[in-house]
Amino acid sequence: MAPKSDTIAGVNAARLQAFADREHRRFAASRPKTRKALEKGADTYLDGVPMHWMRDWPMPFPMLVTEASGARLTDLDGYGIDDFCLGDTGSMFGHSPKPVAKAIRKQARNGLTYMLPTEAALKAGRLLTERFGDFRWQIATTATDANRFALRVARAVTGRPRVLVFNGCYHGTVDDAMVELHEGATRARPGLVGQVTDLSTLAVSCEFNDLAGVEAALARGDVAAILTEPVMTNSCMVLPAPGFHQGLRDLATKYGALLIIDETHTISSGLGGYTGVHGLDPDIFVVGKCVAGGMPTAVWGLRPKVASAFRAYDDARPSGHSGMGTTLSANPMQFACLVANLSEVMTDRNYGRMEKGAARLHAGLAAAIEKHKAPWHVVRVGARVEFICAPGPLKNGTEAAAAHLHEVEAAVHTGLLNRGCLIAPFHNMMLVSPATKKRQIDRLVGAFDEVLTELFA
């Protein structure tokens, strides 16, 4: 047995490097058309890609996708790939669900944007309330925007400056959430580009599942809102401890802060998201990504009491720019897609299919880990499944960061892709859509077992 210093997540370091190098070469050699196209067209973009994080995939160069349907992608070199990333939740219900694609074609004949509402907007509002509860809704383009606007409202109605977020959280690119807990103090995360504001004046960071820490922060009296996902999702998944969410609700009420639940990833939990499935009671509700079937859309809603308080604030403030809203938000294409997705795609039946498939995937991955005696574990939240290259369960963001091992994950991801399976690039997340077939799940489990055979032989 290799000394501990020669292993990473239980994998012999030399064996891991050899496997990673081999899979790296295999990917590069198998995609000559993609390589040539990138070399020809890359100089028009910063870093060679239209969005910088497209370089963060672990492959030697990005894939170029030519087609996506259901839960399959086809790349420029003609490879068909089972897609378990699904746009990191944006296409959680599958690529181009038929009702959504039909709605896009119909609306395209009637205009794309005109800064005025439609009848579909009114119908979408009713459907949002049916799906997620009694809120007064607003439409944004991304969940980042929705969270940003929700925080403005929270500060407006409470008169307080700070937001409480959890160490290791992710709420898009909202400045206030780009903080971490370091040696007991809140500071900006390292690596932020062009950061000039002292974010500790805007935010306070606590550990997830630490109600005592939350209460200590709230007791200072300057926190407008707690902003949290029901489950920490963007690193290694961390589940809430029993009573944690009720504790947040009680503490927010006790200290006069608002509770904002961001369901952008945990919408995988079931109809109504984690909030609906588990009976949470937020003051403000946010969801984005897949809510309109893949059309860039997010929604944020205020409980009636909060909405009334904001109306009173809004009526009294000086006229001028609110700092909320973007010109293309709440366009008619978004509403057409929202209506189609909420009424015909985001259904109990489809969630049932997703849940069943995800349970199958969870069991298969766990069996492979057990077979190879890997010190890893698997977590599932509805249709969302994640293998974590460390023992579990994890309790907070600090533990999640320590379990996030780039060398191991990058090698596994590239190995899975070379075997026809794509998972999310920034962590080990997999989604099961209503279009995902049993054979695709079994192929992924088989590929995972094959990769672990190589790593733990």
Side-chain angles (χ1 to χ4, degrees), residues 46-47 51-53 56 138 140-208 210 213-214 216-229 232-235 248 252 255-262 264-265 283-284 286 288 298 300 302 306 310 313-314 317-329 396-398 400-401 404 426:
L46 178 67
D47 292 332
M51 194 66 177
H52 63 89
W53 42 248
D56 291 344
Q138 289 282 274
T141 304
T142 69
T144 291
D145 286 339
N147 281 319
R148 187 179 292 122
F149 304 154
L151 288 177
R152 281 191 174 271
V153 169
R155 287 176 168 131
V157 301
T158 64
R160 298 175 179 180
R162 301 175 86 188
V163 55
L164 188 155
V165 294
F166 291 105
N167 188 37
C169 70
Y170 185 73
H171 299 285
T173 54
V174 176
D175 277 2
D176 316 62
M178 293 294 178
V179 294
E180 67 177 12
L181 191 61
H182 178 72
E183 297 180 351
T186 300
R187 71 173 187 180
R189 294 181 185 179
L192 293 177
V193 174
Q195 184 63 45
V196 295
T197 305
D198 179 1
L199 294 180
S200 67
T201 65
L202 304 175
V204 57
S205 181
C206 297
E207 288 288 12
F208 198 72
D210 178 12
V214 170
L218 293 178
R220 300 187 189 112
D222 62 353
V223 171
I226 300 168
L227 172 61
T228 186
E229 293 184 280
M232 292 189 72
T233 63
N234 211 61
S235 179
L248 289 182
Y255 290 100
L258 299 183
L259 178 60
I260 306 173
I261 296 291
D262 179 357
T264 299
H265 286 158
D283 297 298
I284 305 178
V286 173
W300 56 286
L302 309 177
V306 180
F310 180 64
Y313 169 89
D314 203 34
R317 72 180 177 89
S319 62
H321 293 289
S322 66
M324 296 162 57
T326 56
T327 303
L328 297 181
S329 292
N396 55 45
T398 297
H404 192 47
F426 313 116

Neighbour count >12 (heavy atoms, 6.0 Å) for atom CD, Glu207: yes
Show me, pair by pair, the donor-acceptor contacts under 3.5 angstrom made by side chains of residues 171-179, not counting sequence neighbours?
{"unit_1": "His171", "atom_1": "ND1", "unit_2": "Asp262", "atom_2": "OD2", "d": "2.9"}
{"unit_1": "Asp176", "atom_1": "OD2", "unit_2": "Arg155", "atom_2": "NH1", "d": "2.9"}
{"unit_1": "Asp176", "atom_1": "OD2", "unit_2": "Arg155", "atom_2": "NH2", "d": "2.7"}

Pair Asp210-Asn396, side-chain contact (heavy atoms from CB on, under 4.5 Å): steps then yes or no: CA-CA 8 Å; Asp210 178 12; Asn396 55 45; over 6 Å; no
Pair Asp222 + Arg162, salt bridge at N-O below 4.0 Å: yes
Where Leu164 and Ala217 come nearest, the two heavy atoms and their spacing: CD1-CB, 3.7 Å
CA sep, side-chain torsions, deciding dist, call: Trp300, Asn147, side-chain contact (heavy atoms from CB on, under 4.5 Å): CA-CA 8 Å; Trp300 56 286; Asn147 281 319; over 6 Å; no
Heavy-atom side-chain contact between Ile261 and Ile284 under 4.5 Å: no
Pairwise distance CZ(Arg148) to OG1(Thr142) - rounded to 0.5 angstrom: 7.0 Å
Donor-acceptor pair, side chain of Asp314 and main chain of Phe310, under 3.5 angstrom: no
Criterion side-chain contact (heavy atoms from CB on, under 4.5 Å) on Val223 and Tyr255, from CA distance to verdict: CA-CA 9 Å; Val223 171; Tyr255 290 100; over 6 Å; no
Nearest atoms (heavy-atom pairs only) where Ala154 meets Ala224: O-CB, 3.8 Å
Nearest heavy atoms of Leu151 and Ala225, plus distance in Å: CD2-CB, 4.5 Å
Value rounded to 0.5 Å, distance of CG in Leu199 from OG1 in Thr186: 10.0 Å
Pairwise side-chain contact, Arg187 with Ser205, heavy-atom cut-off 4.5 Å (strictly under): no
Any side-chain heavy-atom pair of Val286 and Ile260 under 4.5 Å: yes
Main-chain N/O of Arg160 paired to Thr158 side chain as donor or acceptor, under 3.5 Å: yes
Sub-4.5 Å side-chain heavy-atom contact between Leu258 and Val157: yes
Heavy atoms of other groups near Arg189 CZ, more than 12 under 6.0 Å: yes
Inter-residue atom distance Leu227.CG - Cys169.SG, 0.5 Å rounding: 7.0 Å
Side-chain heavy atoms of Arg317 within contact of Ser322, under 4.5 Å: yes
Val204 and Val165, any side-chain heavy atoms less than 4.5 Å apart: no
Sidechain-backbone polar pair: Glu183 side chain, Ala185 backbone, donor-acceptor under 3.5 Å: no
Closest approach of Ala143 to Gly288 (non-hydrogen atoms, all atoms of both residues): CB-CA, 4.2 Å
Nearest heavy-atom neighbours spanning Ala400 and Ser235: O-OG, 3.7 Å
4.5 Å side-chain heavy-atom contact, Asn167 and His182: no
Considering all heavy atoms, the nearest Gly323-Phe149 contact: O-CE2, 4.0 Å
Worked check of side-chain contact (heavy atoms from CB on, under 4.5 Å) between Leu202 and Val163: CA-CA 6 Å; Leu202 304 175; Val163 55; 5.7 Å; no
Met232 side, atom CE; Tyr170 side, atom OH - distance, nearest 0.5 Å: 13.0 Å
Test item: Phe208 and Thr228 side chains (from C-beta on) under 4.5 Å apart, heavy atoms: yes
